[in-house]
Protein chains: 2
Amino acid sequence: EATIVYSISLAFLLFLLKWLELRFIIFHKSFEIYIGAIAVIFTALGIWLALKLFRRDAFGTKPKVKTIVVEKAVYITNENFFLNTSLVSELELSKRELEILSLLAEGYSNQEIASKLFVSLSTVKTHNQNLFEKLEVKRRTQAVEKAKRLHLIP
Amino acid sequence: EATIVYSISLAFLLFLLKWLELRFIIFHKSFEIYIGAIAVIFTALGIWLALKLFRRDAFGTKPKVKTIVVEKAVYITNENFFLNTSLVSELELSKRELEILSLLAEGYSNQEIASKLFVSLSTVKTHNQNLFEKLEVKRRTQAVEKAKRLHLIP
DNA sequence: CAAGCCCTCATACTTTGGTAGCAAAATAAG
DNA sequence: CTTATTTTGCTACCAAAGTATGAGGGCTTG
């Protein structure tokens, strides 16, 4: 589109030049002025063309690289729970202990846990003992509270 | 700066033209070609100047819009806890019961709760009974789990 | 004021939980 | 294979939690 306009403009200008040539042929001394006029006109044409072709706003202000920073809220809930593994190793909690910890948090009794894990009540009690000692608590309810707080369980 | 370059370029080109004029004076027939060459040269100069002046990248492509999405972690903690009041009234939980429920969640024993609230152990036990019945649970640990799940406590 | 609810407390009893100490398998690590 | 850790299990005792039932005082409301 712009190219067509340019072509037409060019043709028109060449025609204008031809006319000027005929008209100012007598002013042989002003040949340089003539050339200068052409230079100026075509420079302007070039500038206009550049602006047109590259579809810039006529003002040519600052670079148009807009940086839009969008803050996306990521809600951290139980859904995206990640085990605090470093703390687990620090407290030297075993797999089984963590397993039992989860079941404690879900409100199961020792007997229920024993049944679920196919072990005896004694075993669960032993695990509890070790668990409470490692977590430095006295009761299962405290263990659950602390474990949740330390992200050991969801 | 660019203006200076332009001026110098213009001067140089005019000089070149003068030289060309002298050299191609014999080719009188190619006067139009000469003019055309000037037109093309100055058009190019104009384009270059426009790009230079308005500090565009030479490619002049589309405006670049950089969208940076920053993921911001929003931790859902006690801070944005709102009591599920409708559920409280639905379950007919009293103030005192909710109070005790919170203390249960924090891992306190019945005796500790009694001391904190300046009531007897019996009273706490009674509250617990009513609480468990209303929440339809059997143990304090289940009560805490359910209460947290139902947003009755943080 | 009587009815209803909440908070309080008590007794007696049952169940569950927690402590202490010990020890045998199973598994992992060297 | 040996050593260390984990998992499992036991007995016995004590502490805490939970159940059932009753009851008195305070407060609100029809």
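Every value quoted in this text rests on a predicted model; they were computed, and no experiment measured them. First the proteins, then the strands, lettered A, B, ... as listed; each starts at 1.
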query = Ignoring hydrogens and geometry, is there a side-chain-to-backbone donor-acceptor pair from Lys146(B) to Val137(B) under 3.5 Å?
reply = no

task = Nearest whole angstrom, please: distance from the C1' of dC6(C) to the CD of Glu92(B).
result = 12 Å

ask   = Quick one: does Thr126(B) reach the base of dC9(C) with a side-chain donor-acceptor pair under 3.5 Å?
value = yes

query = Counting only side-chain N and O atoms of Thr123(B), is one of them less than 4.0 Å from OP1 or OP2 of dT8(C)?
reply = no

request  = Would you indicate which nucleotide in dT8(C), dT21(D), dT8(D) comes nearest to any side-chain atom of Gln129(B)?
outcome  = dT21(D)

Contact summary for Leu117(B) and Arg96(B), nearest pair of heavy atoms = O-NH2, 3.5 Å

query = Can you tell me if the side-chain N/O atoms of Ser122(A) get under 4.0 Å from OP1 or OP2 in dC10(D)?
reply = yes

query = If you take all heavy atoms of Lys134(B) and Glu92(B), which pair is closest and at what distance?
reply = NZ-O, 2.7 Å

inquiry  = What's Lys95(B) touching, base or sugar-phosphate or nothing? Going by heavy atoms closer than 4.0 Å.
reply    = sugar-phosphate

ask   = Which nucleotide, dG9(D), dC9(C), dC7(C), lies nearest any side-chain atom of His127(B)?
value = dC7(C)

query = In terms of side-chain heavy atoms of Lys125(A), which of dG9(D), dT8(C), dG17(C) is nearest?
reply = dG17(C)

Spacing between Leu131(B) atom CG and dC7(C) atom C1', to the nearest angstrom = 14 Å

inquiry  = Please determine whether a side-chain nitrogen or oxygen atom of Arg140(B) lies at a distance below 4.0 Å from atom OP1 or OP2 of dG17(C).
reply    = no

ask   = Below 4.0 angstrom, N of the basic side chain to O of the carboxylate: do Lys116(B) and Glu112(B) qualify?
value = no

inquiry  = Please compare Phe118(B) and Thr141(B) by the position of their nearest nucleotide in DNA chain C and report the one closer to 5'.
reply    = Phe118(B)

request  = Answer yes or no: is there an ion pair linking Glu99(A) with Lys95(A), defined by an N-O contact shorter than 4.0 Å?
outcome  = no

Interatomic distance where CD1 belongs to Ile100(B) and P belongs to dG18(D) [whole Å] = 12 Å

query = Do Thr123(A) and Thr126(A) have a side chain donor and acceptor closer than 3.5 Å?
reply = no

message = Looking at dA17(D), I'd like to know if its phosphate oxygens (OP1 or OP2) sit under 4.0 Å from a side-chain N or O belonging to Asn110(B).
response = yes

Arg96(A) side chain near dT8(D) phosphate (N/O to OP1/OP2, under 4.0 Å) = yes

ask   = What's the CG-C1' distance between Asn130(A) and dA20(C), to the nearest Å?
value = 12 Å

message = Nearest whole Å is fine: how far is dA17(D) P from Gln142(B) CD?
response = 16 Å

query = Given atom CG of Leu93(A) and atom P of dT5(D), what is their separation to the nearest angstrom?
reply = 15 Å

Length of the line joining Lys138(A):NZ and dA20(C):P, which is rounded to integer Å = 9 Å

key: Between dT15(C) (C1') and Asn128(B) (CG): distance, integer Å   = 15 Å

ask   = From dG9(D), dA10(C), dG18(C), pick the nucleotide closest to the side chain of Ser120(B)?
value = dA10(C)

ask   = When you check the phosphate oxygens OP1 and OP2 of dC5(C), does a side-chain N or O of Ser94(B) lie under 4.0 Å from one of them?
value = no

